[in-house]
Amino acid sequence: ASHTHSGPAVAPLRQWGPPDADYVRLLESHLVGLVEAACRDARPATASATLGFVDGLNENRRSSDGRTDDDAPALRFDANTYGGSPIAVIYGFGCHPVTLHTYGALISPDFPGYAREAVRDALGADTTVMFALGACGDVNPKGYQAGRTTEARARDIGVALGDEVARACLGARPTEPWDVRVSSTALDLPVVPLPDLAELQSQHDEAAAEASRLSEEGAPWPAQSVAQIKRDWAQDAIAADRTVTTMPCEIQAMRIGSAALVAMPLEVFAETGIAIRESSPFDVTLLCTNANGAVGYLPTRDVYATEHDYTHPSGLAPKIYGLHTLGEEAEPMVRSAAIEALHAVHGDC
């Protein structure tokens with residue numbers, strides 16, 4: 001999933017409103033159609049793996065000295081004939097697609113859309129170009145400011161990224177051996193216990209009063225929304241099952257020749273993504289985050305000591321996603337499981 005912020009919600013998110021049932025049905029129909037079309041069009045192909053690098057397109061949104069992953073790994077697939085033309089490219093990059101986050105009621109793939117066109121310009125208009133969201137739980141586009149988004153910035157980032165992916169793909173060479181292996185691991189990730197009922201009631205009442213005050217004052221919607229999210233989360237938490245101590249999570253790895261994809265239903269921080277890729281036995285490793293579900297943010301341990309962090313248990317992000325925040329033991333579990341899954345499909349353990 002590309003995780004564009006310029007599209008209708010397809011799952012419940014507090015203050016984003018209920019998903020539009022007609023849109024969800026249309027989307028499901030398109031996705032099923034894509035699988036059917038891919039099966040019909042299956043043909044012999046050759047794969048090649050490559051690694052691009054971009055600098056200055058993203059930044060850590062938690063800290064000016066925080067990490068970012070500037071690599072752009074890619075897989076290129078060509079028709080298995082003499083002089084075979086490119087069939088498809090899948091590439092990854094760790095940056096939230098939010099350059100158009102507040103750009104009206106726009107439906108757009110954001111900067112990955114411009115990157116796709118840049119790759120097609122270089123490899124051919126018929127090339128299917130797919131984007132895999134890398135580790136960007138704490139990474140935004142360089143210079144991003146909410147409320148000051150422009151289409152020009154989305155284009156600048158997308159074209160620069162797409163040109164680098166295309167350059168890397170044009171120089172890629174077929175990989176051997178050309179085998180495919182898949183591994184899947186189920187984890188039960190620990191969650192932070194909910195506050196007691198008295199504390200939740202206090203949080204609810206405080207947020208409800210704040211929401212009412214902001215509404216009466218005609219405050220901008222973003223300010224009202226924060227108070228409403230906190231109010232609604234506390235209300236739901238009061239009625240929640242308090243025996244829940246874990247959340248299920250699937251870690252999936254897929255080998256394609258000398259490259260691999262590792263997928264997880266989480267918003268992963270750059271530090272975690274870099275650690276996984278550095279420990280991978282493959283020449284090229286793509287992270288596919290927010291894949292196979294949406295469990296939420298996977299903070300690194302330092303976040304739990306920063307009370308005002310967006311992804312902290314007391315922050316806003318967990319209250320948008322659901323009820324629970326992952327515990328600080330979750331990130332090491334996911335990191336370890338992903339590395340083990342990569343080694344499993346590599347076949348060296």
Side-chain angles (χ1 to χ4, degrees), residues 1-7 51-74 91-103 108-115 131-150 153-162 164-165 261-278 280 285-291 294-304 306 308-312 315-318 320-321 325-326 330-331 334-335 338:
S2 70
H3 192 62
T4 178
H5 278 222
S6 299
L51 189 64
F53 177 83
V54 290
D55 186 27
L57 297 186
N58 57 6
E59 65 183 9
N60 193 289
R61 69 183 187 184
R62 294 187 58 242
S63 170
S64 59
D65 58 356
R67 303 192 74 178
T68 61
D69 188 349
D70 300 322
D71 286 346
Y91 74 97
F93 185 56
C95 181
H96 259 93
V98 294
T99 56
L100 300 172
H101 176 62
T102 52
Y103 196 74
S108 167
D110 208 276
F111 71 77
Y114 290 104
F131 173 67
L133 183 70
C136 69
D138 55 349
V139 178
N140 272 347
K142 183 81 170 181
Y144 170 78
Q145 294 182 30
R148 297 185 180 181
T149 54
T150 66
R153 184 55 177 153
R155 183 172 58 251
D156 289 347
I157 293 175
V159 171
L161 175 60
E164 173 59 12
V165 170
L261 291 82
V262 57
M264 56 190 69
L266 299 154
E267 295 205 35
V268 180
F269 282 24
E271 176 186 325
T272 304
I274 292 170
I276 291 171
R277 289 184 47 228
E278 287 180 345
S280 172
T285 301
L286 284 82
L287 263 68
C288 303
T289 65
N290 276 20
V295 172
Y297 278 86
L298 182 71
T300 47
R301 280 185 162 171
D302 62 300
V303 171
Y304 295 85
T306 311
H308 300 294
D309 191 276
Y310 176 69
T311 57
H312 184 270
L316 201 64
I320 293 172
Y321 263 105
T325 309
L326 293 176
E331 192 275 343
V334 169
R335 184 187 299 204

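Just so you know, these numbers use all the heavy atoms, side chains as well, and skip hydrogens, waters and symmetry mates.
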Test item: Thr4 side-chain N/O and Ser6 main-chain N/O as donor-acceptor pair under 3.5 Å: yes
Heavy-atom side-chain contact between Met264 and Ile276 under 4.5 Å: yes
Contacts of type side chain to side chain donor-acceptor pair (under 3.5 Å), residue Gln145, not counting sequence neighbours: Arg148
Under the ring-ring contact (aromatic ring centres under 6.0 Å, His included) test, residues paired with Tyr144 that sit two or more places apart: none
4.5 Å side-chain heavy-atom contact, Leu51 and Arg277: yes
Nearest heavy-atom neighbours spanning Tyr304 and Leu326: OH-O, 2.6 Å
Side-chain heavy-atom pair Leu57, Phe111 within 4.5 angstrom cut-off: no
Glu271 vs Glu331 side-chain heavy atoms within contact, under 4.5 Å: no
Side-chain donor or acceptor of Thr289 paired with backbone N/O of Ala135 under 3.5 Å: no
Distance-only donor-acceptor check, side chains Ser108 and Asp110, under 3.5 Å: no
Contact check, side chains of His5 and Leu100, non-hydrogen atoms, under 4.5 Å: no
His312: side chain to side chain contact (heavy atoms under 4.5 Å, CB included) partners, not counting sequence neighbours: Val303, Asp309, Ser314
For the student: nearest non-hydrogen atoms of Val262 and Ala338, plus distance: CG2-CB, 3.9 Å
